[in-house]
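These notes concern the structure reproduced below.
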Amino acid sequence: SYDFFYSSYDDHAIWMWKGREYEYKSILGLVKSIDLSSNKLTGEIPKEMMELDGLISLNLSRNLLTGRIPSEIGLLESLNSLDLSKNQLCGGIPSSISQINSLSFLNLSNNNLTGKIPTGPQLNTLTATSYEMNPNLCGFPLPNKCLGEEMT
């Protein structure tokens, strides 16, 4: 099993290709897509991932991630697709997620998320399937109302 860990990172990478070594500097800002789905990853989602402000797609589904969705998720302003489904994430959905205007696909299903689903222009276009199998989530678009909401 793999663990996410928190540490500072140096923004460079070295690749070996056909017997030659190549060094790339300042490339993390160019990362557009991360797919680490189905990797048995454990631990929390690193807050450092929220610094990848050019990220368009993030898929961490089908792992064993725990803890909360980082409140800084709204910093990923270019994000078009976010899939955190089938993990063991808990706590509320950060309201900052509603600041991601380009978000057109969201899947937070099959976790242990709780509380009221944030609202916003992009979030209001999503269906209940984005949030299903989180028994303690409430609010639009789920059928279960939050405490204090009018029954209509």
Side-chain angles (χ1 to χ4, degrees), residues 1-17 24 26-147:
S1 129
Y2 301 93
D3 273 318
F4 276 130
F5 57 92
Y6 296 100
S7 68
S8 62
Y9 63 87
D10 195 5
D11 194 3
H12 80 278
I14 296 174
W15 270 277
M16 289 293 293
W17 180 255
Y24 297 89
S26 303
I27 61 166
L28 287 178
L30 301 176
V31 174
K32 299 298 178 195
S33 181
I34 295 176
D35 186 344
L36 295 173
S37 61
S38 304
N39 274 292
K40 298 182 183 172
L41 298 174
T42 61
E44 298 185 356
I45 299 170
K47 288 183 173 55
E48 290 83 359
M49 287 186 106
M50 305 307 117
E51 296 174 20
L52 299 173
D53 54 7
L55 206 57
I56 293 172
S57 174
L58 176 59
N59 186 347
L60 299 175
S61 67
R62 299 173 188 264
N63 281 296
L64 303 168
L65 297 174
T66 56
R68 296 176 167 267
I69 299 170
S71 58
E72 300 87 355
I73 192 89
L75 295 174
L76 299 177
E77 295 178 350
S78 301
L79 208 58
N80 183 268
S81 175
L82 175 62
D83 193 343
L84 302 177
S85 65
K86 297 184 179 170
N87 279 289
Q88 299 164 15
L89 299 171
C90 63
I93 300 170
S95 60
S96 70
I97 204 167
S98 66
Q99 299 168 4
I100 307 174
N101 294 325
S102 56
L103 195 62
S104 61
F105 176 82
L106 176 66
N107 191 348
L108 302 178
S109 67
N110 295 69
N111 278 290
N112 298 311
L113 299 171
T114 60
K116 183 172 173 51
I117 296 170
T119 57
Q122 291 304 108
L123 298 180
N124 292 347
T125 65
L126 302 172
T127 65
T129 57
S130 295
Y131 308 102
E132 66 189 4
M133 303 303 290
N134 286 287
N136 296 311
L137 270 183
C138 61
F140 180 82
L142 294 176
N144 43 325
K145 304 285 184 195
C146 295
L147 198 60

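Position 1 is the first residue of the sequence; numbering continues from there.
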* Asked: Within a strict 4.5 Å, meaning less than it, do heavy atoms of the Leu65 and Leu60 side chains meet?
  -> yes
* To do: Nearest 0.5 Å please: distance from the CG atom of Leu52 over to the CD1 atom of Ile34.
  => 5.0 Å
* **Donor-acceptor under 3.5 Å (Ser130 side chain, Leu106 main chain)** => yes
* Find the distance between NZ (Lys116) and CG (Leu142) and round it off to the nearest 0.5 Å. => 10.5 Å
* Asked: Between Asn134 (side chain) and Leu113 (backbone), is there a donor-acceptor pair under 3.5 Å?
  -> yes
* Asked: Is a side-chain donor or acceptor of Gln88 paired with a backbone partner of Thr66 at a separation under 3.5 angstrom?
  -> no
* Asked: If you take all heavy atoms of Leu126 and Ser104, which pair is closest and at what distance?
  -> CD2-O, 4.0 Å
* To do: Determine yes or no for a side-chain-to-main-chain donor-acceptor pair under 3.5 angstrom, with Ser102 supplying the side chain and Leu79 the backbone.
  => yes
* To do: Using the test side chain to side chain contact (heavy atoms under 4.5 Å, CB included), find all partners of Gln99 that sit at least two apart in sequence or belong to another chain.
  => Ser96
* Asked: Between the main-chain N or O of Asn136 and the side-chain N or O of Thr114, is there a donor-acceptor pair closer than 3.5 Å?
  -> no
* **From Ser85 atom OG to Leu82 atom CG, the distance as rounded to the nearest 0.5 Å** => 9.5 Å
* Reported OG1-to-CG distance for the pair Thr129 and Asn107, which is rounded to 0.5 angstrom -> 7.0 Å
* To do: State which residues pass side chain to side chain contact (heavy atoms under 4.5 Å, CB included) with Ser38; sequence neighbours excluded, sorted by chain then number.
  => Arg62
* To do: Please examine the side chains of Ile97 and Ile93, heavy atoms only from C-beta on, and report whether any two atoms are closer than 4.5 Å.
  => yes
* Where is the tightest heavy-atom contact between Leu64 and Asn87, given as atom of each residue plus distance? -> N-OD1, 3.4 Å
* To do: Kindly give the heavy-atom pair with the smallest separation between Ala128 and Pro141, and that separation in Å.
  => N-CG, 3.6 Å
* Roughly how far, to the nearest 0.5 Å, is the CG atom of Leu58 from the OG atom of Ser81? -> 8.5 Å
* **Minimum side-chain heavy-atom gap Phe140-Ile117 below 4.5 Å** => no
* Asked: Which pair of non-hydrogen atoms, one from Leu137 and one from Asn144, has the smallest distance, and what is that distance?
  -> O-ND2, 2.6 Å
* Structure fact -> Applying side chain to side chain contact (heavy atoms under 4.5 Å, CB included) to Asn110 and not counting sequence neighbours gives Lys86, Met133
* Asked: Roughly how far apart are Asn80 CG and Ser57 OG, rounded to 0.5 Å?
  -> 7.5 Å
* To do: Measure the shortest side-chain to side-chain distance between Phe105 and Leu103 over non-hydrogen atoms and say whether it is less than 4.5 angstrom.
  => no
* Asked: Does any non-hydrogen side-chain atom of Leu84 lie less than 4.5 Å from one of Leu89?
  -> yes
* Asked: Which atoms form the tightest heavy-atom contact between Met49 and Leu76, and what is the distance?
  -> O-CD2, 3.7 Å
* Which heavy atom in Met50 sits nearest to a heavy atom in Ile45, and how many Å separate them? -> CE-CG2, 4.0 Å
* Does Gln122 use its side chain to pair, donor to acceptor, with the backbone of Asn101 at less than 3.5 Å? -> yes
* Please answer whether the main-chain N or O of Leu36 pairs with a side-chain N or O of Asn63 as donor and acceptor at a distance below 3.5 Å. => yes
* Would a distance-only check, ignoring hydrogens and angles, find a side-chain to backbone donor-acceptor pair under 3.5 Å from Asn39 to Ser37? -> yes
